[in-house]
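Written out below as structure tokens is the structure these notes cover.
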There are 2 protein chains.
Amino acid sequence: MITVAIVEDDQDIRESLALLINGTPNFNCVGTYNSVEKGVKGIMKEQPDVVLMDIGLPGMSGIEGIKILKEKEPEIDILVLTIQSDDRIVFDALCAGACGYLVKDTPPAQLLEAIQESHEGGAPMSTRIARLVVESFQVTPQTNLTNRETEVLTHLCKGKSYKMIADDLCISEETVRRHIKNIYRKLEVHSKSEAVAKAFKEKLVKL
Amino acid sequence: MITVAIVEDDQDIRESLALLINGTPNFNCVGTYNSVEKGVKGIMKEQPDVVLMDIGLPGMSGIEGIKILKEKEPEIDILVLTIQSDDRIVFDALCAGACGYLVKDTPPAQLLEAIQESHEGGAPMSTRIARLVVESFQVTPQTNLTNRETEVLTHLCKGKSYKMIADDLCISEETVRRHIKNIYRKLEVHSKSEAVAKAFKEKLVKL
DNA sequence: AGAAAAATCCCCCTTTCGGGGTATGGATTC
DNA sequence: GAATCCATACCCCGAAAGGGGGATTTTTCT
């Protein structure tokens, strides 16, 4: 038996989800909430196995709700179910602790499967979302850094000083300085920490 | 009709995969290869829609194969099918350009579904793999940094100088220095770039 | 209420960085 | 054969960072 809670502001959707869940053997809806605030409170009390969470609600956003719930009840699996599919929102939701992400046109059978999968330690995602997530790993080193410069940047990203890099690469510290000057110019940054930050954010180096 | 190629060193597995695919309407196996080297060559010629790629082959590894193929034929979807499921290998494969990742105990029906899904722009993953991938987004601040220190670290990770951080937080530069001293002690680092590197690697901050 | 932790501020001093020039040999390209 | 890019190396100098102290106030926890 899998217990499910629903956070969703649209009454029609909320009720049909509850009907679907309660109408399926081994699924039981133990709470429906029309706001994140009520949801958080109720879910802490009911301790469902899985939460279906909408994102774009009036009041507190679903993302915030995920953060709070994950903070207080890390064992509960939170599955996002929403119309929104902006890249930013998808990643925010996952970073906040969602275990999966479905868009709202998911057919009932698949929705039930996804709930089951969440509860079994999976991470169900709609087709497009899954591809988005996977592609986020793929590196596009779209800079014109030379090989040597990339090498130096990699060392910077390990927190090395000019002197250490010079020793590692067996070149003079002055040359390291020169490479770094060029890196800064190309990345349009003005300090080591900015360069490291940019390198990580744009996946310019692989560690 | 979806055309598929298989790279797999075990003859039994290779042949039964080919049989499965050719025995299914709308699926057509256009090449089977027992090594990555042969696979790359053949796949560039045959231009299949989807490649089933093993990882642990003798000779060139599947990861390398993915990199090369994605470099030359970015349109072809590469679906990893392997027994290996080390975290490191999963992420390496996805970073190299795989569009999905299945472990070898996947039942035939699901395998066919996954091929279809790959071709439709999805990213099929086995249950455990999907969770692994999703969890990689989640921040685990298992450090004893205080709120303020985390805040300062976040600014460091944007490449800010002491002075800029002081202005942003409306505190004296000396206080910023003090926080940073404490951060360095707790993270066991000795420079901004090291701190930023560690913060990114351990996902201590969210940007 | 009292203790502990966190956040704030100040001083000293040395090392490292970052920006400015300049130069030379080798490889590649045109 | 000239032009360009890359990697190497050096100088100067001021600003920023980092390590060592110490001190006060505010918050938090018990």
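Just so it is clear, the structure is predicted and the values come from calculations on it, not from any experiment. Chain letters run A, B, ... following the sequence lines, proteins first and then strands; every chain starts at 1. We use all heavy atoms of the structure for the numbers below, so side chains are in, but hydrogens, waters and symmetry mates are not.
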Exercise. Residues in side chain to side chain donor-acceptor pair (under 3.5 Å) with A/Glu73, at least two apart?
Worked result: A/Gln47

For this session: Could you list the residues that satisfy ring-ring contact (aromatic ring centres under 6.0 Å, His included) with A/Phe137, not counting sequence neighbours?
Result: B/Phe91

Exercise. Got a sec, which residues hit side chain to side chain contact (heavy atoms under 4.5 Å, CB included) with A/Thr146, two or more places apart in sequence or on another chain?
Worked result: A/Arg148, A/Glu149, A/Lys186

Exercise. Looking at residues at least two apart in the chain, or sitting in another chain, which of them share a side chain to side chain contact (heavy atoms under 4.5 Å, CB included) with B/Gln11?
Worked result: B/Arg14, B/Glu15

Exercise. Do any pairs count as a ring pair (Phe, Tyr, Trp, His ring centres under 6.0 Å) and have a residue in residues 11-45 of chain A, sequence neighbours left out, and if so which ones?
Worked result: none

Exercise. Does a sphere of radius 6.0 Å around NZ in B/Lys201 hold more than 12 heavy atoms from other residues, nucleotides or ligands, not counting ones at 6.0 Å or beyond?
Worked result: yes

Can I get a per-line list of side-chain donor-acceptor pairs under 3.5 Å for residues 79-86 of chain B, giving both atom names and the distance, sequence neighbours left out?
unit_1	atom_1	unit_2	atom_2	d
B/Thr82	OG1	B/Asp54	OD1	3.3
B/Thr82	OG1	B/Gln84	N	3.1
B/Ser85	OG	B/Arg128	NH2	3.2

For this session: Just call it for B/Thr175: base, sugar-phosphate, or nothing, with non-hydrogen atoms closer than 4.0 Å on any strand.
Result: base

Seminar exercise, completed: Residues at least two apart in sequence or cross-chain that pass side chain to side chain donor-acceptor pair (under 3.5 Å) with A/Lys70, listed by chain then number, are none

Exercise. If you walk 5' to 3' along DNA chain C, what is the first nucleotide with an atom under 4.0 Å of a heavy atom in chain B, and what is the last?
Worked result: C/dA6 to C/dC12

For this session: Heavy atoms under 4.0 Å is the rule here; annotate nucleotides 13-30 of chain D 5' to 3' with B where the base is hit, S where only the sugar-phosphate is, and - elsewhere.
Result: ----SBBBBB--------

Exercise. Atom CD1 of A/Ile165 and atom P of D/dA7: how far apart are they, to the nearest Å?
Worked result: 15 Å

For this session: Would you please name every residue forming a side chain to side chain contact (heavy atoms under 4.5 Å, CB included) with A/Ser16, sequence neighbours left out?
Result: none

Seminar exercise, completed: In short, the helix from C/dA1-D/dT30 to C/dC30-D/dG1 is bent end to end, axes from five pairs each side, to 10°, by 70°

For this session: Only pairs at least two apart or in different chains count here, so list each ring pair (Phe, Tyr, Trp, His ring centres under 6.0 Å) that has a residue in residues 184-207 of chain A.
Result: A/Phe200-B/Phe200

